[in-house]
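Please read these numbers as outputs of a predicted model, since none were measured by experiment.
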Amino acid sequence: YSRMAPVYAPMLLNPDGTPKVDEETGKVNGKVSPSGLTGHDYFAADECYYFYDWRLSPLTLVNDLSALINNLSAKSKTGKVDIVGRCYGANLISAYLAKNEDVTNKIDDVIMYVPSTEGIGLIGRLFSGKIELNADAINEYVNELIKYEDIIEDSFVKNFIDVFLLIMEQAEMLNLGTEKIQELIDAIRVELIAPLIRSSYGSFPSFWAMVPDEYFADAVDFVYNTDELREEYAGTINLITEYHNSVQLTSRDTLKAHAEKGLDIHVVSKYNLPSAPLFGNSNPMSDAIAETKLTSFGATASEFGKTLGTSYIAGMTEESKKFLSPDEKIDASTCLFPERTWFIKNCYHDFFDADALYTFLDTILATDNMTVFTDSAYPQFIDADVSAENLVPVVGKDAEIPEKGSDDARFKMIFKFIKLLIDAITKLFKGELSHSKLLPEKENDMIFTAIGEETGFFGCIVALSLLFAIVYKMIK
């Protein structure tokens, strides 16, 4: 705590949720991006990017956003603007709509892109202290994340991690390590985790705006767990509670009311990635950050790696089956806006800056009254590669994932292990691992030395752990 808290100290807000101001310079401390209408809007062609202080409550920023919309709509040739809000940006849009009864004279289309309006379970779990680790969920989560090049670029390292997790899973060593970590978390839950949250992201009303309703009351009690803390942070508690009650809890009614008045509201959600492994035995369908059921305003989704099941699908009406994903993982008929909610498959939450995604969003904005049935190129369920450079319609079911301990799972582990060895040996013979001055006797160096050269102490430990896991499984 003594090492982590100072890292966030310059960014922390006052206990009442307002920014700290330097007495000498008059500048806002820790201000990550400017707020206010003067010199903060970046214009590109007919687009305006609104930058704001992401630490603040949407209720604090809503007047600023309202002034910007008034300014831009007055300058627009049509007298109206389109708004796209991504993640927390959608919370600002929700707050704006909650404070304005009719905006159809200023706004034409709204796109809420993976909105966190109804919250993010990951944040709710952390803020309420309900951290429950699960070995299978950790394995699935890491295996999905290593696919993304901006996280791990080297294919050999990716394959190495993949094989390491498979062997640890088959040897049941991952369960043992997870149990020990869970015991540690349980021991420090109140004494350390709660203070860390108060001294970091818990200081920001913006993150409280992303705590789902099911966690909100417990989160307030967990973070502000004494009378003294509740008194000290009364301003922040009042601010986050006001947003929770006036915006989050009423968001569906607010959006529906504006849609009935003629505002075109579109939602883009994502799916087919595991949630952060903090949900215990449950692994909700998500985009690796936010759960699909929340970012879609109510879609019925299977857990990651599963489908909705034959019994669920059999109970659907013919009308609702029009909104069933081809892979049978999402029922969009239960969404707030079934005909105006799209789902992008296999696309990480933060991925936004891709031409294919921009083209998709531009098509929605440029097409009058566009629905999921309007353009065959953009049906309700769209598949994306990990970089979101290509968007194609989802077709058919995914291949089944072998159950842990099954012959298929063991075969997969052995096959990947052999592939990894071949890859390593190939690289060795090409000199990629051994042409280093750090190895004075290169002609005598074996694979273990090469691993040590490339990955250091950690790589050696991992290699030894793999060997130990194999021996342990053989003895058992």
Donor-acceptor contact present, side-chain [X] to main-chain [Y], <3.5 Å:
X    : Y    : value
E231 : T226 : no
N283 : P274 : no
Q380 : S325 : no
T250 : D253 : no
W342 : V267 : no
R198 : V223 : yes
H258 : L97  : yes
T295 : S269 : no
S116 : I120 : no
S286 : T292 : no

My understanding is that only residues two or more places apart in sequence, or in another chain, count here; which of them pass side chain to side chain donor-acceptor pair (under 3.5 Å) with [X]?
X    : value
S251 : none
S206 : none
S57  : none

So for atom CD, which belongs to E101, do other residues, nucleotides or ligands contribute more than 12 heavy atoms lying within a distance under 6.0 Å? no

Above 12 or not: heavy atoms from other molecules or residues under 6.0 Å from OH of Y201?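 At most 12 heavy atoms, drawn from other residues, nucleotides or ligands, come within 6.0 Å of this atom.
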
Candidate pair S302 and T307, rule side chain to side chain donor-acceptor pair (under 3.5 Å), full reasoning: CA-CA 5 Å; S302 67; T307 64; over 6 Å; no

Please work out whether the ring planes of Y233 and Y224 are parallel, tilted or perpendicular, with thresholds of 30° and 60°.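 Rings of Y233 and Y224: tilted, 30 to 60°.
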
Parallel, tilted or perpendicular: ring planes of F351 versus Y348, cut at 30 and 60 degrees: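 Rings of F351 and Y348: perpendicular, as their planes differ by over 60°.
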
Looking only at the side chains, is there a donor atom on one of D331 and Y312 sitting less than 3.5 Å from an acceptor on the other?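 Judged by distance alone, the side chains do pair up.
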
Scan side-chain atoms only and decide if E291 and S275 contain a donor-acceptor pair under the 3.5 Å cut-off.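 Note: E291 and S275 side chains miss the donor-acceptor criterion.
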
Ring centroids only, cut at 6.0 angstrom: are F360 and Y358 within range, meaning strictly under it?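 When the ring centroids of F360 and Y358 are compared, they turn out to be at least 6.0 Å apart.
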
Filter on side chain to side chain donor-acceptor pair (under 3.5 Å), then keep only pairs touching residues 214-223, sequence neighbours left out; what's left?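 Found R125-Y215, K130-D218.
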
Results of side chain to side chain contact (heavy atoms under 4.5 Å, CB included) for A90 - residues two or more places apart only: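 For A90 the side chain to side chain contact (heavy atoms under 4.5 Å, CB included) partners, ignoring immediate neighbours, are M112, P115, T117.
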
Once side chain to side chain contact (heavy atoms under 4.5 Å, CB included) is applied, do any residues pair with A259, and if so which ones, sequence neighbours excluded?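 For A259 the side chain to side chain contact (heavy atoms under 4.5 Å, CB included) partners, ignoring immediate neighbours, are I265, F337.
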
What I want to find out is whether D227 reaches R230 closely enough, with some N-O distance under 4.0 Å, to be called a salt bridge.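 Salt bridge: yes.
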
Using a strict threshold of under 4.0 Å (side-chain N to carboxylate O), is an ion pair present between E118 and K293? no

Take Y243 and N238 through the side chain to side chain donor-acceptor pair (under 3.5 Å) test and state the conclusion after the steps. CA-CA 9 Å; Y243 172 84; N238 290 336; over 6 Å; no

Derivation of the side-chain contact (heavy atoms from CB on, under 4.5 Å) call for K270 and N346: CA-CA 7 Å; K270 297 180 180 180; N346 301 323; over 6 Å; no

Search all heavy atoms of C48 against all heavy atoms of L68 and return the closest pair with its distance.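 Shortest heavy-atom contact: SG-CD1, 4.5 Å.
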
Closest heavy-atom pair and its distance - T18, L13: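 Heavy atoms only, the tightest pair is O-CB, 3.5 Å.
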
Under the ring pair (Phe, Tyr, Trp, His ring centres under 6.0 Å) test against F204, which residue among W54, F127, Y88 passes?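 Testing each of W54, F127, Y88 against F204, the sole residue satisfying ring pair (Phe, Tyr, Trp, His ring centres under 6.0 Å) is W54.
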
What verdict does the side-chain contact (heavy atoms from CB on, under 4.5 Å) test give for R55 and S203, after you've listed the backbone C-alpha separation in whole Å, the side-chain angles of each residue and the deciding distance to 0.1 Å? CA-CA 8 Å; R55 302 170 301 171; S203 167; over 6 Å; no

